[in-house]
Amino acid sequence: MTTFATMEKATQYELRLADRMSRLGTETAFEVLNKARALERQGKDIVHLEIGEPDFDTPKNVVEAGVEALRKGWTHYGPSAGLPELRQAVAEDVSRSRGVKVSPDEVVVVPGGKPIIFFSLLSLADVGDEVIYPNPGFPIYESMINYLGAKAVPIRLHEEKDFSLDVNELADLITDRTKLIILNSPQNPTGGVLNRQDIRDIAEAIGDRNIMVLSDEIYSRLIFDGEHFSIMSLPGFKERTILLDGFSKTYAMTGWRMGYGVMRPDLAAHMTRLMTNSNSCTASFTQIAGIEALRGDQSSVDHMRTEFQRRRDAFVVGLNRIKGFSCRMPKGAFYVFPNITKTGWPSKRLADALLEQAGVACLSGTSFGAFGEGYLRFSVANSLENLNKALERVDRWTKQNL
Ligand SMILES: Cc1ncc(COP(=O)(O)O)c(C=O)c1O
């Protein structure tokens, strides 16, 4: 903030921002990362459990496919909706995994999963329209809803329900102005998973209303207990679902920037226009690598999942031994979300203290919305050695300070 103020003073021209910029939020993970890096520059040793990305490299076969594509000249513009070959591969993959027939004209390839969130809201939510979204939840939902002047309607996730929502509360929140409901399973930040029955109950609460569902399934392949189930698979819901999935988490491709949405073709045409207006297209050589990711050897996905599960198990056991912490076993994604109310500390203060005094970077539950108070989020996308180091540090800190 200080930097912005200083920059503004340095010029005679006042920065005349659009009003809507004051409504745009952010992702705290990147701010905490910067703060942690600043502490490291001062010589402090920090264990990084704040950022949500796999610590694995992109699988070799995928990297090779990308390099080969560059050599072969896949360096030009491509169709805004994505290369037909990748859209075909996505359609086949989603048809198989979600058990519904999907065709390539229902697939829009975009740079990462995030643009599907933005484009869904841009194309569906008018000023004043209500959008229901999980809280605690991925902060970009609320940020984008507010940015567009739509009405953000949080639905609380309950720890005692393994961070699922209460379907009666959902039913009460649905009004004539509800335009979109955002679901996220496996969930960031809680690791909660909506099982088949949860999804059926949600579908029943929606009934036959003309409400769209943005189903954020970016962690669909990172499930430890049970199976992934999409609302898109339920009769009558394919037409009303925008499925968001991608490559970032499943194939450790966060920096490649590639994701996709699956939706009815008439909406896909509008999202494609948004792509034409914003990015033109997703990088062509990355899309060739994406085909290899989907169709090639999947053992690296299995390996990552097994490894995350081992770390989750060890970290949750360790957290539950720490004074004031109690943690459920998350069923998916690579986050754990302990309850810290018994420490007597508010989440943000505790997260700051752990970073500054214990050298452990994590996120306050409130980075994910008001209902995140009383929790912290740790990412287990780090080595067991570092996770154990973090546990020792937090344990020592609580013994000295609580
Ligand atoms: C729930 C959720 N949705 C979407 C995304 C965005 O993924 P991408 O990096 O592919 O844009 C993330 C990334 O952290 C996420 O946690």
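Residue numbers start at 1 and run along the sequence shown. Just so you know, ligand 1 is whichever comes first in the structure, and atom 1 is the first atom listed for that ligand.
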**atom 12 (C) of ligand 1 [closest protein heavy-atom partner, distance rounded to 0.1 Å]** = Phe138 CZ, 3.4 Å
**Message:** Apply ring-ring contact (aromatic ring centres under 6.0 Å, His included) to residues Phe334 and Phe315 and explain how you reach the verdict.
**Reply:** CA-CA 11 Å; Phe334 40 67; Phe315 199 68; over 10 Å; no
**Asked** With a cut-off of 4.0 Å, which atoms of ligand 1 are near a heavy atom of Ser248?
**Response** 8 (P), 9 (O), 10 (O)
**Asked** Considering only heavy atoms, does Asn184 approach ligand 1 within less than 4.0 Å through its side chain, its backbone, both, or neither?
**Response** side chain
**Request:** Give the numbers and elements of all ligand 1 atoms closer than 4.0 Å to a heavy atom of Tyr219.
**Result:** 1 (C), 14 (O), 15 (C), 16 (O)
**Prompt:** Which word best sums up how the rings of Phe378 and Phe325 line up, parallel for under 30°, tilted for 30 to 60°, or perpendicular for over 60°?
**Reply:** tilted
**Prompt:** Under 3.5 Å, is there a donor-acceptor pair between the side chain of Arg221 and the main chain of Tyr251?
**Reply:** no
**Prompt:** Distance only, no hydrogens: is a donor on one side chain within 3.5 Å (strictly under) of an acceptor on the other, for Ser215 and Glu217?
**Reply:** yes
**Item:** Protein contact of atom 3 (N) of ligand 1 - nearest heavy atom, named by residue and atom, plus distance
**Value:** Asp216 OD2, 2.6 Å
**Asked** Does ligand 1 have any atom sitting under 4.0 Å from a heavy atom of Ile218?
**Response** yes
**Request:** Heavy atoms only: give me the nearest Leu83-Ser284 pair and the separation to one decimal.
**Result:** CD1-O, 3.8 Å
**Prompt:** Taking only heavy atoms of Gly112, which atoms of ligand 1 are found under 4.0 Å from at least one of them?
**Reply:** 10 (O), 11 (O)
**Message:** Counting non-hydrogen protein atoms only, what is the nearest one to atom 8 (P) of ligand 1? Give residue, atom name and distance.
**Reply:** Gly113 N, 3.4 Å
**Item:** Heavy-atom proximity to atom 14 (O) of ligand 1, best of Lys249, Met253, Arg257, Gln187
**Value:** Lys249
**Request:** Please indicate whether Glu204 has more than 12 foreign heavy atoms, meaning atoms of other residues, nucleotides or ligands, lying under 6.0 Å from its CD.
**Result:** no
**Item:** Residue portion contacting ligand 1 (non-hydrogen atoms closer than 4.0 Å) for Tyr141
**Value:** side chain
**Request:** Identify whether the distance between the nearest side-chain nitrogen and carboxylate oxygen of Asp162 and Arg328 falls below 4.0 Å.
**Result:** yes
**Request:** Could you say whether the N/O atoms of Tyr335 and ligand 1 ever approach to under 3.5 Å?
**Result:** no
**Under 4.0 Å to a heavy atom of Lys114 - the qualifying atoms of ligand 1, by number** = 6 (C), 11 (O)
**Prompt:** Okay, side chain of Arg98, backbone of Ser233: is any donor-acceptor separation there less than 3.5 Å?
**Reply:** no
**Request:** Check for a donor-acceptor pair, side chain of Ser164 on one end and backbone N or O of Lys161 on the other, with a separation under 3.5 Å.
**Result:** no
**Request:** May I ask you to identify, for Phe247, whether its side chain, its backbone, both or neither come under 4.0 Å of ligand 1 on a heavy-atom basis?
**Result:** neither
